Amino acid sequence: MVEDNEIKAEVSPFAIREGEIKTFDGKDGYVSMNQIVHKINIGHITDIHFAILELVNEFEFITSRQLYQMLEIKGIDPKSQDKLNTKLDSLVKCKILTRYYFTSDEGKGIYRIYCLEKMGKYLLTSKEIDTKWQPSDNTKPVAMIKKRLAGNQVLIAYLRKVKAFDGYIVKPAITAKTLGKVFKTAGGTVKLTKNRKTIQFLFEVIRREQDWQKKFIEKMNLYKDFYENYVPGDSGFLGIPQLIFVCEDEKHMAETYKELVANKIEIPQIKFLFTTDLRQNKETLSETLVEFKLVDGKYKMENVELKLIG
């Protein structure tokens, strides 16, 4: 597998492209549970297939590259990306998983996205593994899926590259007390611990979808409510978490900060930190975060070096 720092992409694969649609690449038709049980009994579906299934259930949408990295992290050797893809094909053919890709005026996407199918839920339930999947989940729009994929990439980067890493949650629920709403951060959260000191990062993934500015400010009002009314233990956070915006590219970071300034969104309890999809491909994450500072009447972007994530 190509290492992250060897990837030469100039545009994030999880950026929004004009006119992009989600295209079904799974299997039509009927597969019975008896057929699947037979494949399990004769060894065609093994423990590694179930490990894949659990990861897809946890992340909801995930690419084969991300699956490969997560299996390695869990101490499971996929042997090669091709062999993993073969296993994924067999799960798709059995309608345990299904698969999509994105198409736009620029052509067909270079990666496939995997998510659960009905048979996958049945298998997980039979092993007493909690799954909240329902068929309507697979109808989610392109922007929502790309937010999840970009969030996956950030979580995996911290898992693989940060020695202080101490846990993650893919879809943490956060409560905005005054507004009386429970919402989920788009990118997940990680916990870092070093010398008995712990910090948690909340990743809010932002995409240039239609009306993204309006949606972003609506979400920020929920975050503002959470932070302004925070007490230790709220939404499972023992200490106040640091919010990090994951943007499509460098220009998008500036566009996002401009929206915060224009709408006078301030949260005194934290700094606003930013990063991009492609910054996660660096060998170390110590210089992947930035903040905006007012210098001589103009806002300038400055790198924030955190030794904890080196």
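Counting from 1, the numbers follow the sequence of the chain as shown. Quick caveat: nothing in here was measured; it's all calculated off a predicted structure.
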Does [X] pair with [Y] as a salt bridge, N-O distance under 4.0 Å?
X	Y	result
Arg208	Asp249	yes
Arg17	Glu106	yes
Glu250	Arg279	yes
Arg207	Asp277	yes
Lys181	Asp225	no
Lys147	Glu209	yes

Using a cut-off of 6.0 Å, state whether more than 12 heavy atoms not belonging to [X] lie near its atom [atom1].
X	atom1	result
Lys300	NZ	no
Lys118	NZ	no
Tyr122	OH	no
Lys177	NZ	yes
Asn41	CG	yes

Should the pair Lys108 and Tyr101 be classed as cation-pi, given the thresholds of under 6.0 Å to the six-membered ring centre and 45° from the axis? yes

Validate the cation-pi geometry between Lys140 and Phe61: distance from NZ or CZ to the six-membered ring centre under 6.0 Å, angle to the ring axis within 45°. no

The ring-ring contact (aromatic ring centres under 6.0 Å, His included) partner of Phe245 among Phe292, Phe272, Phe203, Phe201 is Phe272

